[in-house]
2 protein chains.
Amino acid sequence: MSVSRPSGRSSVTPPTLADVAERAGVSRQTVSNAVNNPDLLREDTLSRVQQAIAELGYLPNRAARNLRTRASHLIGLPIKAAEEGTANALMDRFVHSLVDSSREAGYHVLLFSGTRTGKAVDELPAYDDLLRSTAVDAFVVTDTYLGNPQAEWLDQRRAPFVAFGRPWNDPDARHPWVDVDGAAGTEMATTHLIERGHTRIAWIGWRKDSLLGEERRAGWSRAMRSRDIPTSGLASRVEDTVSSGREASAVLLDEAHPSAFVCASDTLAMGVLHTLAERGLSAGHDIAVTGFDDSQVAQTVPPGLTSVRQPLEDVAVEVVKALEGLLGAPPTVHPGVLLTPRLVVRGSS
Amino acid sequence: MSVSRPSGRSSVTPPTLADVAERAGVSRQTVSNAVNNPDLLREDTLSRVQQAIAELGYLPNRAARNLRTRASHLIGLPIKAAEEGTANALMDRFVHSLVDSSREAGYHVLLFSGTRTGKAVDELPAYDDLLRSTAVDAFVVTDTYLGNPQAEWLDQRRAPFVAFGRPWNDPDARHPWVDVDGAAGTEMATTHLIERGHTRIAWIGWRKDSLLGEERRAGWSRAMRSRDIPTSGLASRVEDTVSSGREASAVLLDEAHPSAFVCASDTLAMGVLHTLAERGLSAGHDIAVTGFDDSQVAQTVPPGLTSVRQPLEDVAVEVVKALEGLLGAPPTVHPGVLLTPRLVVRGSS
DNA sequence: ACTGTGCGTTGGAACGATCCAGGACCGAGC
DNA sequence: GCTCGGTCCTGGATCGTTCCAACGCACAGT
């Protein structure tokens, strides 16, 4: 009952555990238990404390809790600049779902980016700082393409993190991951075109050193081969830019005479639409096109671009599940989750 | 020199201020000063402490610092779901720049969203929780359209925040804001079309209760009127969707025979492109079109959509400047900053 | 009556930083 | 020689929470 603070201060300072304790006539620890382990309290005590909490509008101070529990209840999410001139803006849906799922699990999402030195962006110091200053409990890493050092670095450091994307280059990586079955997506797109009567279906994908690109390509060739449709001369591998897609499709049209294109990205598919527009061909009517990611570009471009839509909302949910397993008590072995995309059919096919 | 912690623990626990102090042979407070007020130290002491810091790889514990200073060094940024089927994804550039500028000012960005109850999303409880639990120091609010209660609520609560967008509905709002001169943007677009020889230039914008939309419309009519070009019958006001843009442009083409369209958004402009495609007209060749926001859609759609590009990077920089003024010592009066966009010309005009 | 066994609750210590009041030291001034 | 003022540094208290050891109490077992 000691007056540990001058009265009248409550108008500027939020109420603390001690204030609630005094009002409810219990000790601080009991209030703490009421918040974190209600089961430990007798029913009448619990309700008395809860009423005091409600009356004062008490909410635990995060900094104090974080200090004591050695946890920040924050999840670090690195963001890269969206490339200009591409259709890639899929992070939006993912981020939003990640924020929602995280909140339900008691976490918030902290954004950060690497420091730019000249042109190259080095992200590792940023990870390091956040870890060492205990600013975040874990990371979500979204790029696990070949040669990306972050996942490996974090693994070595035994820093908790979950990857969106398989550990392509590291078969015995220990961290949890969630990914989307890209091959299944392109296979759906290709099968869809075959069912529409197409047989000469071209592939425009990424350079061979992109394992992600090779996987998507595998979906196309699997669908073709399972119906004994030849694929030779129908595949092209280029950079992920609109102009590359435009040039590749022009060459393919001249040399292989396809009636449809399956692309590894919406960006490449937009390149195909450029070629068609230049030649006075109509997408969907004369030549069919499918993309990948169901970007806003795919949704709005006339006549609508058929595209493979990744279940980013579900990915985020799985990522948070994995994070909970990582940070919670049970040392669960979370191997990896593979989700299946779906095809959104629009006017371009 | 007291052994305040069991040895061997340093391998798992990051070094603390006390560790650095012991190694450098100074008190904790001196280390703290070396980090926060280097001027107070004698030169040789400072370098000795700095060396100890470097050797141990010390970084201040965020939670402890936050607890003591009653600040989280976090800035809350609410995110809304990007609407499907529109071209609006402009947050990407803004967020990235905000993260970068914030880091330079010593802050990180915390994402949050409202809790969905049924269909409506109520964000105010989320703001309230973050404030009361001292999880963030300030907010950045990005939607200040009419009827948005957040800015007003925060103002009343005297919570520190900066708005991206003018306080349209509250002339005597006290908070700092940063905005882009939309009228200047549409005026540039319209003038550009006039210089290309167009005289019948139509406007497709938003419903009248959108002050933001009315401002953009004013830029169009200002450019027209300053050259004595009549505007009657050439304006349309609809919802911000692709289909609305398509329908509005179809009606305008039939009734007013414009040779060019200035649109309040890329989404509406895409609607125009749909109409043109349906009628076998060529954007840029037969009919000129301009959009607003320079979205990825504008950048990738054939033949390229001329669009007004907001200086989002600069907006973020100004927002952080305002935040620093708000949270720093000097109670600066930061009235409001208005930036000018620029026109990115592409094939559609 | 005496000892164990839970349950519900308690007060002190700790997390790691900063705030604050004051101490050691040194040269200047009378 | 003594005080004074300033610079540089120190040790204790504190922020608000959770961890930890232990305590009072009611009840069951020998």
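Letters A, B, ... are given to chains in the order of the sequence lines, protein chains preceding strands, and every chain is numbered from 1.
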Asker: For B:Asp44, give me all partners under side-chain contact (heavy atoms from CB on, under 4.5 Å), at least two apart in sequence or on another chain.
Answerer: B:Arg42

Asker: Got a sec, which residues hit ring pair (Phe, Tyr, Trp, His ring centres under 6.0 Å) with A:Tyr107, two or more places apart in sequence or on another chain?
Answerer: A:His73

Asker: Could you work out how much the helix from C:dA1-D:dT30 to C:dC30-D:dG1 bends, comparing the axis of its first five pairs with that of its last five, to 10°?
Answerer: 60°

Asker: Contacts to DNA chain D from residues 129-137 of chain B, heavy-atom cutoff under 4.0 Å, which residues?
Answerer: none

Asker: Do the side-chain N or O atoms of B:Ser32 get closer than 4.0 angstrom to the phosphate oxygens (OP1, OP2) of C:dA17?
Answerer: no

Asker: Test of understanding: with side-chain contact (heavy atoms from CB on, under 4.5 Å), list the residues that count as partners of B:Arg158, not counting sequence neighbours.
Answerer: B:Arg174

Asker: With A:Asn33, which residues qualify under side-chain hydrogen bond (donor to acceptor under 3.5 Å, both in side chains), at least two apart?
Answerer: A:Gln29

Asker: Could you work out, with salt bridge (charged side-chain N to carboxylate O under 4.0 Å, His left out) as the rule, every residue matching A:Asp100, not counting sequence neighbours?
Answerer: A:Arg103, B:Arg116

Asker: Any N or O donor-acceptor pair linking the side chain of B:Arg62 to the base of C:dA17 at under 3.5 Å?
Answerer: no

Asker: Apply side-chain contact (heavy atoms from CB on, under 4.5 Å) to A:Ser97 and list each qualifying residue two or more places apart in sequence or on a separate chain.
Answerer: A:Ser101, A:Glu313, A:Ala316, A:Val317

Asker: Using salt bridge (charged side-chain N to carboxylate O under 4.0 Å, His left out) as the criterion, list what pairs up with A:Asp128, not counting sequence neighbours.
Answerer: A:Arg132, A:Arg157

Asker: Using side-chain contact (heavy atoms from CB on, under 4.5 Å) as the criterion, list what pairs up with A:Arg23, not counting sequence neighbours.
Answerer: A:Ala52, A:Glu55, A:Leu56

Asker: Check the interface with nucleotides 9-12 of chain D: list each N/O to N/O pair with the protein under 3.5 Å, or write none.
Answerer:
from, atom 1, to, atom 2, distance (Å)
D:dC9, OP1, B:Thr45, OG1, 2.2
D:dC9, OP2, B:Arg42, N, 3.0
D:dT10, OP2, B:Ser27, N, 2.8
D:dT10, OP2, B:Ser27, OG, 3.1
D:dT10, OP2, B:Thr30, OG1, 2.6
D:dG12, O6, B:Arg28, NH2, 3.2

Asker: Taking only side-chain nitrogens and oxygens of A:Arg70, does any of them come within less than 4.0 Å of OP1 or OP2 of C:dA14?
Answerer: no

Asker: Look at the side chain of B:Arg65 and the base of C:dT18, then say whether one donor and one acceptor between them are separated by less than 3.5 Å.
Answerer: no

Asker: Is B:Asn66 touching bases, backbone alone, or none of the nucleic acid, heavy atoms closer than 4.0 Å?
Answerer: nothing

Asker: The criterion is ring pair (Phe, Tyr, Trp, His ring centres under 6.0 Å); which residues satisfy it with B:Phe112, sequence neighbours excluded?
Answerer: B:Tyr127, B:Phe139

